[in-house]
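Accompanying notes for the structure given below.
Protein chains get the first letters and strands the later ones, always in sequence-line order, with residue 1 at the start of each. Note that the structure is a prediction, hence the values are computed from the model and not measured. Because only heavy atoms are used, hydrogens play no part in the values below, and waters and symmetry mates are left out as well, while side chains stay in.
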Amino acid sequence: MEYSSKAIEQQWQEYWKQNRSFEPSEDFTKPKKYILSMFPFPSGRLHMGHVRNYTLSDAFARYYRQQNFNVLHPIGFDSFGMPAENAAIKNGSHPKGWTYDNIDYMKNEFYSLGFSFSRERELATSDELYTKFEQGFIIDMFEKGLLYRKKGLLNWCPHDQTVLANEQVVDGCCWRCDTPIVKKDMNQYYFKITQYGDELLADLSKLEEGWPKQVLTMQENWIGKSNGLAFDLFFDDASLGRLHNTFKSFDVFTTRPDTIYGVSYTALAPEHEIVTYMIENSLLSEDVIAQIKHMKTTSSIERQKEKAGISLGLDVIHPLTGKKVPVWIANFVLMDYGSGAVMAVPAHDERDFDFAKKYDLPLHTVIKPFEGESNGACAFTEVGELINSERFDGLNSKDAQAKIIEYFEEQNIGTKTTNYKLKDWGVSRQRYWGAPIPFIHCESCGIVMEKKENLPIALPEDVEITGEGNPLDNHPTWKHCSCPACGKDAVRETDTMDTFVESSWYFLRFCASPQNWEKEAFSKEQIKYWMGVDHYIGGIEHAILHLLYARFFTKVFRDLGYIEFDEPFERLLTQGMVLKDGAKMSKSKGNTVDPDALIEKYGADTARLFILFAAPPTQELEWNDSAVEGAYKFIKRFYDRSSNIVKTDKIPSIAHAKLGKDEKFARTKVYEALVRANDVYSERYTFNTMIAGVMEAMNALNAQSNPEVWTEAYWVLTSIMEPVIPHVCWQISSENFSLANFTSQQVLEEVFEVESIRLGVSINGKRRSEIEVGIEESNENIIAMAKESTAKWLEGKTIVKEIVVPKKLVNIVIKG
RNA sequence: GCGGAUGUGGUGAAAUUGGUAUACACGCCAGACUUAGGAUCUGGUGCCGCAAGGUGUGGAGGUUCAAGUCCUCUCAUCCGCACCA
């Protein structure tokens with residue numbers, strides 16, 4: 001029968017659906033595997049990145065099913081978010097309709113690719129049932145003090161009219177639309193992720209086995225822990241007077257307390273409260289105020305171009321020397337790190353040095369290199385020996401740091417402090433299409449939690465999405481309610497949550513049996529069985545945000561008593577991008593490949609085979625149309641040659657010794673492929689070499705015609721290939737093996753036993769000839785044969801050494 | 001600037017522990033079959049060379065009997081972070 005991808009694929013997709021083939025068992029005594037790909041945003045259609053992502057997880061899922069594991073391989077949609085609203089503004093569609101239409105379309109695409117998802121556990125995070133439990137968690141976290149509201153400077157995207165988290169600001173621009181962000185002072189809710197900063201950092205060590213190093217490093221840098229000294233700088237009397245005694249001091253942080261005697265000025269961020277006070281109380285000239293205002297409004301990119309500052313005409317007292325130190329405003333001091341103020345040591349810090357040069361501020365050298373001299377043309381930022389530092393002279397930097405911190409603590413003028421770059425996670429969004437924050441503002445009671453039995457607080461459907469303002473706030477009735485505590489008229493919170501909240505616990509929801517979905521988010525027993533995720537597969541672009549938030553939620557849920565483990569994802573596989581013509585596929589570049597068209601022309605199996613064969617998963621994948629054609633031809637041949645199979649429901653038993661050379665070789669190749677395949681899933685993930693092994697086996701099989709050898713080979717090879725090209729393998733297997741071969745395959749060691757072996761012969765490491773020797777041949781004989789085969793190279797030379805590497809090669813070392 | 005990765009034929013890429021470099025595939029070349037081929041099958045294909053042979057894993061050194069693999073330096077490309085005090 002001629003290979004027809006369409007007929008075969010449709011038939012098996014229907015079969016899998018009818019037979020509920022991929023639903024996990026509820027028998028928790030079985031060994032399990034939880035295979036998860038990062039779920040998609042329902043943007044409308046699948047792109048090749050999705051196809052690669054889910055092909056990988058599907059291969060894992062199918063492999064482990066064959067190995068008799070109970071496999072959970074779910075799919076859902078991360079379906080809240082701005083694009084739905086943007087589409088609404090652009091096309092007048094309703095976000096909900098747009099979202100669920102897209103989900104329906106993409107689901108069909110998924111199943112046309114043959115992905116073995118649990119259909120019964122499909123979910124969308126915009127489902128009211130999902131929102132219901134999420135709002136419950138939010139209430140729990142608020143009550144635990146892990147969610148709080150404060151006014152703060154927020155990143156505001158003027159284009160999307162929304163607040164962005166720090167992580168969503170890339171190079172000073174919106175991560176979605178690239179518009180430069182501006183700072184805006186607003187109330188919003190924050191998760192106290194910083195409370196878990198230390199644990200999030202420390203537990204990275206638990207992930208060293210299973211996560212790529214790159215991701216661990218990125219998270220480590222993001223958390224950005226640094227140790228140092230925090231202390232107060234007190235104003236002198238004149239400055240105190242100018243400030244009307246409102247501020248006596250300000251706080252600074254340094255990681256280099258050993259340079260403290262080198263302080264020659266201090267600098268405040270333009271947003272610092274002392275600066276604000278001085279502006280508000282007209283303590284600065286109009287001109288200076290204008291300069292500060294300008295500084296505050298320049299973007300972070302602008303600020304990085306050149307250092308700029310203004311002297312405030314204030315002085316503080318150096319805590320150790322008692323000398324006066326001038327106070328400046330500097331554009332390079334960040335308000336949201338440390339205390340927004342720094343001590344400046346221009347002799348030993350590049351930034352301070354640049355600034356001092358520009359404004360002609362003095363340098364005090366207090367660190368001498370261990371060897372040689374520093375040249376003074378730039379800051380000496382290395383560690384060294386302390387000089388000009390009174391009682392600390394002669395100490396090395398490291399000892400001095402400890403001693404100086406100790407001294408500050410003894411004198412009660414400073415404290416050993418740890419700072420983090422990590423900031424609390426702002427989750428408020430002034431948007432419609434998100435999960436409403438289930439809080440109520442009551443004039444008498446303040447912020448009041450909604451009662452859990454009233455959840456979910458669902459979105460109103462009758463909204464107008466114009467792109468201006470907050471649709472929930474603008475809705476005529478939605479926000480009006482009565483206070484759950486006192487019953488008076490009150491208003492609902494109109495902010496919705498960042499969509500990263502939904503993706504921070506969806507992997508837990510999948511563990512819940514669908515029949516319990518109405519009554520609980522998940523159960524401890526089910527979580528205990530299914531978690532952690534054995535293989536988590538997704539793009540490197542989620543290395544920080546999603547993965548850090550999901551880790552944070554896991555730890556919070558643990559502390560709330562919902563679950564009993566620390567880390568959600570045991571192994572993480574970050575796939576590379578799909579490229580065409582050397583560039584990332586994108587509509588604007590016009591270099592996209594449409595999955596639907598590919599399936600239509602060649603079938604899902606071809607798409608899957610190409611994707612897994614063309615490159616290892618972590619590398620970039622260069623699209624190549626003729627290589628796709630090649631994958632199609634292989635599948636066609638694979639199906640055609642299955643006519644050599646003799647129907648059976650068990651693997652043939654073959655007397656290996658009686659076979660001819662080509663037959664033996666073919667069997668060896670088949671079992672080699674099996675050995676390779678088993679490696680792939682446990683650590684190497686190199687599906688490309690697994691497939692190459694199967695191709696080699698096919699080439700070897702073609703050189704012989706023994707029906708038993710063919711039959712055995714297909715029994716094994718269709719099992720190996722089922723995770724990659726499932727449809728055609730199920731077809732071949734059902735025609736010949738009654739699907740009995742999709743199970744763990746035994747490696748037959750006997751096929752690897754050979755009587756003779758070929759050895760390379762090298763002279764001084766250069767390969768000169770090849771010999772065939774018996775497996776038991778003595779080294780003496782092997783060397784004799786090697787010499788004979790390379791006689792012309794040895795003529796007139798002295799042999800210095802002879803090396804035999806068993807089963808590999810012979811090396812003869814000569815001179816003369 | 002800091003951190004991470006990658007560099008192998010015309011192309012995508014192989015090479016468990018240092019042990020026959022280029023598996024597998026694409027492309028290309030030749031041949032067979034054919035009215036025809038963008039089908040199928042067979043063979044060839046790192047580079048230079050008629051050949052013998054030489055040469056070859058970004059570059060330069062080093063360790064070793066032996067280096068794509070280990071060490072030192074260096075170049076290029078990509079990614080992440082980036083005034084974090």
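Here A:Lys213 lies out of heavy-atom contact (under 4.0 Å) with every strand. A:Phe634 comes within contact range of no nucleotide atom at all, as no heavy-atom separation falls under 4.0 Å. Within the nucleic acid shown, A:Val333 comes within 4.0 Å of at least one base atom, counting heavy atoms only. Using a 4.0 Å heavy-atom cutoff across all strands shown, A:Glu620 reaches sugar-phosphate atoms only and no base atom. Within the 4.0 angstrom heavy-atom criterion, no nucleotide atom of any strand lies near A:Lys225.
A salt bridge between A:Glu802 and A:Lys787 is present, with a side-chain N of the basic residue lying under 4.0 Å from a carboxylate O of the acidic one. Contact check on A:Glu208 versus A:Lys213 returns no salt bridge, with no Lys/Arg side-chain nitrogen under 4.0 Å from an Asp/Glu carboxylate oxygen.
Of all nucleotides present, only B:U77 satisfies the Watson-Crick or G-U wobble test against B:A5, with each distance under 3.5 Å. Base pairing of B:A60 is made with B:U72, judged by Watson-Crick or G-U wobble geometry with both donor-acceptor distances under 3.5 Å. Under the Watson-Crick and G-U wobble criteria, each requiring two contacts below 3.5 Å, nucleotide B:U45 is paired to B:G27. Figure legend. B:A32 is base-paired to B:U40; pairs are counted as Watson-Crick or G-U wobble with both atom distances under 3.5 Å. For B:U20, there is no paired nucleotide, since no Watson-Crick or G-U wobble pair has both relevant distances below 3.5 Å.
For the pair A:Lys633 and B:A39, the criterion of a side-chain N or O lying under 4.0 Å from OP1 or OP2 is met.
A donor-acceptor contact under 3.5 Å is formed by the side chain of A:Asn811 with the base of B:C65.
Nucleotide B:C65 holds its P atom 15 Å from the CG atom of A:Leu809, rounded to whole Å. Put simply, CZ on A:Arg768 is 13 Å from P on B:A52, counting in whole angstrom units. Rounded to whole Å, the distance from CG on A:Leu612 to C1' on B:C24 is 15 Å.
Closest contact between the side chain of A:Pro616 and the listed nucleotides B:A14, B:A21, B:G19 involves B:A14. Of the candidates B:U20, B:A85, B:A14, the closest approach to any side-chain atom of A:Thr689 belongs to B:A14. Checking B:A25, B:A23, B:U55 against every side-chain atom of A:Glu696, the shortest atom distance belongs to B:A23. For A:Ile803, the listed nucleotide lying nearest its side chain is B:G19; candidates were B:U16, B:G19, B:A85.
Here the separation of B:C79 from B:U40, taken at their P atoms, is 39 Å to the nearest Å. Spacing between B:U55 and B:G49 at atom P, rounded to whole Å, works out to 16 Å. Spacing of C1' atoms, B:A15 relative to B:G1, comes out at 37 Å, to the nearest Å. Nucleotides B:A23 and B:G4, compared at atom C1', are 29 Å apart to the nearest Å.
Nucleotides of RNA chain B nearest to A:Ile812 and A:Met695 differ in position, and the one nearer the 5' end is that of A:Met695.
Aromatic ring orientation, A:Phe355 versus A:Phe332: perpendicular (interplanar angle above 60°, classes split at 30° and 60°). Taking the six-membered ring where tryptophan is involved, the planes of A:His542 and A:His546 are perpendicular, since the angle between them exceeds 60° and thus also 30°.
In the model, A:Glu629 has a side-chain atom that pairs as donor or acceptor with a side-chain atom of A:Tyr602 under 3.5 Å. Side-chain N/O atoms of A:Asn419 and A:Thr417 include no donor and acceptor closer than 3.5 Å.
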